[in-house]
Amino acid sequence: MREHLVFLLAAPMGSFGGYAGHERRGSGLVPLRSALLGLIGAALGIERADTHRQRDLRAYSVAVQSFGRSTALRDYHTVQTVPTAKARQPMTRLNALSRARRDVNTVITIRDYRSDVLIGAAVWGTSPWTLSDLADHLRRPRFPLYVGRKSCPLASPLDPKIVSAAGPVEALSSIAIPGWLRPQGWSEQERTRQPVYSDPVEGAAPPSLTEQAPGEPLDRQIWTFAECPVWQLGAGNSEQGEGG
């Protein structure tokens with residue numbers, strides 16, 4: 001058995017990153033490792049420039065599970081881009097725009113969201129902060145918390161608590177969902193229909209379904225991420241408890 005910190009993410013809209021092109025910012029079905037660690041870092045009040053404390057966050061493992069069926073939502077933005085010939089190696093975007101003046105290009109970019117977000121999250125591991133410390137800060141965060149983008153605020157408190165469970169599937173099953181947050185027609189069976197997307201579980205054999213995703217935050221200042229393994233547990237996939 002292992003202690004897990006569990007909490008519930010509910011929001012009218014959210015966006016969960018993924019591979020991003022110049023004109024497209026997509027969204028996965030659920031937030032993965034970088035999104036959860038970023039949320040925890042905001043609750044702790046860790047600045048993006050604080051490289052040491054950002055690195056400490058990577059000691060935690062996370063798992064998430066959708067408790068509802070969110071729907072895709074697409075938005076469009078217009079963005080001004082500066083030709084390289086007009087502003088070589090600018091210090092800032094403002095500097096580039098001021099150099100280019102009216103010689104800018106306007107492009108349409110796509111932003112994907114998920115609506116009606118209802119997601120359980122589990123965190124485990126050791127770092128300078130105990131799970132109890134994290135729970136306290138999630139109740140009283142230092143920085144505002146949002147679900148992927150600043151335009152996506154939470155719809156309810158996270159209600160963090162610490163549970164003892166064999167693995168993330170069991171830990172996530174302990175999350176209580178208030179009646180007013182449950183989608184119409186929702187039942188407890190919905191939990192078993194949705195997979196758990198998890199970091200590798202120490203002492204457990206990998207499940208039959210694994211993938212690589214850009215979810216390992218390397219440097220928050222220059223927005224650099226590495227691929228990380230994602231295990232799909234539950235929903236017909238096997239999960240073993242700790243070895244030993």
Among residues at least two apart in sequence or on other chains, which ones pass side chain to side chain donor-acceptor pair (under 3.5 Å) with S70? R114

Side chain to side chain donor-acceptor pair (under 3.5 Å) partners of S198, counting only residues at least two apart: none

Are any of the side-chain heavy atoms of [X] and [Y] separated by less than 4.5 Å?
| X | Y | answer |
| --- | --- | --- |
| L233 | L209 | no |
| I175 | F7 | no |
| P12 | V117 | no |
| L158 | L9 | yes |
| W129 | H137 | no |
| L39 | F143 | no |
| F67 | I177 | yes |
| V64 | V196 | no |

So for atom CD, which belongs to E216, do other residues, nucleotides or ligands contribute more than 12 heavy atoms lying within a distance under 6.0 Å? yes

Using modelled atom types only, decide if a donor and an acceptor are shared between the side chain of [X] and the backbone of [Y] within a distance under 3.5 Å.
| X | Y | result |
| --- | --- | --- |
| S15 | S27 | no |
| R33 | Y60 | yes |
| K161 | S174 | yes |
| H4 | R2 | yes |

Looking at [atom1] of [X] and [atom2] of [Y], how far apart are the two atoms once the value is rounded to the nearest 0.5 Å?
| X | Y | atom1 | atom2 | value |
| --- | --- | --- | --- | --- |
| R48 | R53 | CZ | CZ | 15.5 Å |
| S66 | L172 | OG | CG | 11.5 Å |
| L32 | C228 | CG | SG | 6.5 Å |
| R193 | Q65 | CZ | CD | 12.0 Å |
| I108 | Y76 | CD1 | OH | 8.5 Å |
| R74 | D112 | CZ | CG | 4.5 Å |

Within one Ile-Leu-Val-Met-Phe-Trp-Tyr cluster: L145 and L5, side-chain cutoff 4.5 Å: yes

Determine whether I40 and I119 fall in the same hydrophobic cluster, where Ile, Leu, Val, Met, Phe, Trp and Tyr are linked whenever their side-chain heavy atoms lie under 4.5 Å apart. yes

Apply side-chain contact (heavy atoms from CB on, under 4.5 Å) to Y146 and L154, showing your working. CA-CA 6 Å; Y146 46 87; L154 294 166; over 6 Å; no

Looking at every heavy atom in both [X] and [Y], which two are closest together, and how far apart are they?
| X | Y | value |
| --- | --- | --- |
| L36 | A121 | CD1-CB, 3.7 Å |
| V6 | A171 | CG1-O, 3.7 Å |
| I162 | E3 | CG2-CD, 4.0 Å |
| L29 | Y197 | CD1-OH, 4.3 Å |
| W124 | V201 | CZ2-CG2, 4.2 Å |
| P178 | L8 | CD-CD2, 4.0 Å |

Pairing residues for [X] by the side chain to side chain contact (heavy atoms under 4.5 Å, CB included) criterion, not counting sequence neighbours:
| X | value |
| --- | --- |
| D159 | none |
| S156 | A10, W180, L181 |
| R139 | A135, D136, P160 |
| P200 | P229, W231 |

Would Q54 and L57 satisfy side-chain contact (heavy atoms from CB on, under 4.5 Å), going step by step from the backbone distance to the final call? CA-CA 5 Å; Q54 289 283 354; L57 288 173; 3.9 Å; yes

Electrostatic pair D75:R111 at N-O distance under 4.0 angstrom: no

Full working for side-chain contact (heavy atoms from CB on, under 4.5 Å) between I46 and D56: CA-CA 11 Å; I46 300 176; D56 289 340; over 6 Å; no

